[in-house]
There are 2 protein chains.
Amino acid sequence: METILHKIRFSFDSLGPAEQRLASYLLSHTDDIIGLSISELSRRSGCGDATVVRFARRLGLEGYGELKIRLASEMRATSELSAEIQRGDSCLDIFRKRIADIQESLHNTESVLNADDLTRAAEAILRSDRVVVFGLGNSAAIAHDAAHKFLRLGLAAQSCCDNHMQAIVASHLGRGSVAIGISHSGTSRDVVEALRLCKICGATTICITNYGHPPIVDASDIALFTKSDETKHSILAMSSRIAQLAIFDSIYTYIVLNADKSARQAMQNTEFALQNKKY
Amino acid sequence: METILHKIRFSFDSLGPAEQRLASYLLSHTDDIIGLSISELSRRSGCGDATVVRFARRLGLEGYGELKIRLASEMRATSELSAEIQRGDSCLDIFRKRIADIQESLHNTESVLNADDLTRAAEAILRSDRVVVFGLGNSAAIAHDAAHKFLRLGLAAQSCCDNHMQAIVASHLGRGSVAIGISHSGTSRDVVEALRLCKICGATTICITNYGHPPIVDASDIALFTKSDETKHSILAMSSRIAQLAIFDSIYTYIVLNADKSARQAMQNTEFALQNKKY
DNA sequence: ACAATAAATGAAAATAATTTTCATTCGGGA
DNA sequence: TCCCGAATGAAAATTATTTTCATTTATTGT
């Protein structure tokens, strides 16, 4: 979605001098505009009231009122952008900053996630006769989670988070199987090798990795990308993990919606089986 | 951070009839307000212009103009509010709606998460000589993930996702140990029982569960709450899981920041040990 | 029950903000 | 140099917001 701030930046060169003064002011004092009337703004930016209205119209808006509101709502979205986590932050402070990071990461992932690939992946899983999910270390939990979801749908799913098991399982897959490799960096040697083996055996291979072109992509028929800047806080990729989960959630939900009766029955069976495990 | 929408909801009962009509209208047609003048709004909500201004003032704002802008900027956070996921949605559509759900859930969790409890939990873990994390089914992956993180910090952490193992491990804990139980519903019988046993043995018990007062809370010294409305899309609690992860992320980060030299050394050792596992 | 008082409310007046109109300026080309 | 058209802002016209105040509605004390 094209933001107004973007539009201002983009159209800057095509503006007349007075409108450029106005645009500069808006770009560098975006926060202030919320409290300003049109005449205050025109005074501060050194142009006339009419110029402000013209400017708003040029951006495709109704008038100054709409400009003000649009900028106000874009402001907030940008201002929450993750402050650096630092020593001395309380645990709740950290939580808040994590939220901002996660949001940013999800948003970025949305923009690099290819709709066709995502659908192809979901369809492949939906139609598969067996699903295995590979992940090591940090990605193991995601693999477990994904396999758990698919199991609930009645699919023959399993997670493999041990490199020997991965090799063994990989060698027994065939056409109709789907293998999913999870690795944030995309350079996890054993996972890549397992995926390669799966591909050789005829399985459909899918990877979930961070945007770029790491080795795991070459071992995959379908590559699903997350995008998150993990350099900020720690060595551990935390935000991309959330994005990975969200991808699996979406695939799971897609399958729930598009599955036939037997899958829905399987879900109900799952629920039923779990009932007496709870208070 | 107190939002205007919150304030409206909160002060609803203390308003007169005309202001209540106005408040109702705003709460149910928040999107519309952006385009409305004060007289349009007063007409639609069945009150006078003056009432609108008074209402805005009561909320601590300057006047109608500020009310409009504040709501507009909160909207965007809210306007992405999860449209119902429906059959026929593409997988990417679903992903987008998932993002909105996740954001909502994180935001709600932030508002029910108690800063002291969170810090106490982090400090208990930081100082513990042993950490065990219990989770079954859907929560098992979270337990694995948490234990994995703590392991990286050099803590004696382990996840237990099998009810026999949980019972065994629980019976061997003691003072100085920390046991963490994860259950969205808070009614997972085996996890609750394991936690109870841990408490009896003298361990500090922590639970992560959805807001309310489920049985698991009584078995816990410290209760950390998530808040997410999972009724929307499926039987599977997906959003609360993300909130749970974010809580563990925060605790992990807190420990990283507050740990002494030896913990940082432990993290470096972890990194070093993993280096040759990658391309 | 019934004033007396206080709170709530909206119509209309007063004020303030926005938009439109239009005269002026400025730059480039004939 | 003069003309044209785009750009601009002052002021008029319009529209929106705020204030005032009379009326209604509820509440309290007798």
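Here is the naming used below: chain letters follow the sequence lines, and residue numbers restart at 1 for every chain.
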Quick one: does B:S105's side chain have a donor or acceptor within less than 3.5 Å of a partner on B:D101's backbone?
no

Look at the side chain of B:R87 and the backbone N and O of A:N258, then say whether any donor-acceptor pair between them is shorter than 3.5 Å.
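No; zero donor-acceptor contacts below 3.5 Å.
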
Would you check if there is a donor-acceptor pair between the side chains of [Y] and [X] at a distance under 3.5 Å?
X	Y	result
B:D49	B:S42	yes
A:R21	A:T51	no
B:N210	B:T226	yes

Kindly indicate, with the supporting measurements, whether the criterion salt bridge (Lys or Arg N to Asp or Glu O under 4.0 Å) is fulfilled by B:K97 and B:D93.
CA-CA 6 Å; B:K97 293 178 182 177; B:D93 289 339; over 6 Å; no

Specify the residues of residues 21-32 of chain A, ordered by number, for which at least one heavy atom lies under 4.0 angstrom from an atom of DNA chain C.
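None, since no heavy atom is under 4.0 Å.
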
Inter-axis angle, terminal five-pair segments of the helix from C:dA1-D:dT30 to C:dA30-D:dT1 [nearest 10°]
10°

Begin from the C-alpha positions of A:Y254 and A:T119 and carry the test side-chain contact (heavy atoms from CB on, under 4.5 Å) through to its verdict.
CA-CA 9 Å; A:Y254 180 87; A:T119 309; 3.7 Å; yes

Short side-chain N/O contact from A:T51 to OP1 or OP2 of D:dT8, under 4.0 Å
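No, because none of the side-chain N or O atoms of A:T51 sits under 4.0 Å from OP1 or OP2 of D:dT8.
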
Pair B:D218, B:R196 - check salt bridge (Lys or Arg N to Asp or Glu O under 4.0 Å), show working.
CA-CA 9 Å; B:D218 295 321; B:R196 248 182 226 140; over 6 Å; no

Distance check needed: D:dG9 P versus A:E19 CD, whole Å only.
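A:E19 atom CD is separated from D:dG9 atom P by 9 Å.
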
Which letters describe nucleotides 14-26 of chain C, given B = protein heavy atom under 4.0 Å from base, S = only from sugar-phosphate, - = neither?
---SSBBB-----

Shortest non-hydrogen contact from A:A72 toward B:S73:
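Between these two residues, the closest heavy atoms are O-CB, 3.6 Å.
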
Checking A:R43 against A:E40 for the salt bridge (Lys or Arg N to Asp or Glu O under 4.0 Å) test, could you report, in this order, the C-alpha distance in whole Å, the side-chain angles of both residues, the deciding distance, and whether it holds?
CA-CA 5 Å; A:R43 197 186 56 73; A:E40 250 308 283; 3.1 Å; yes

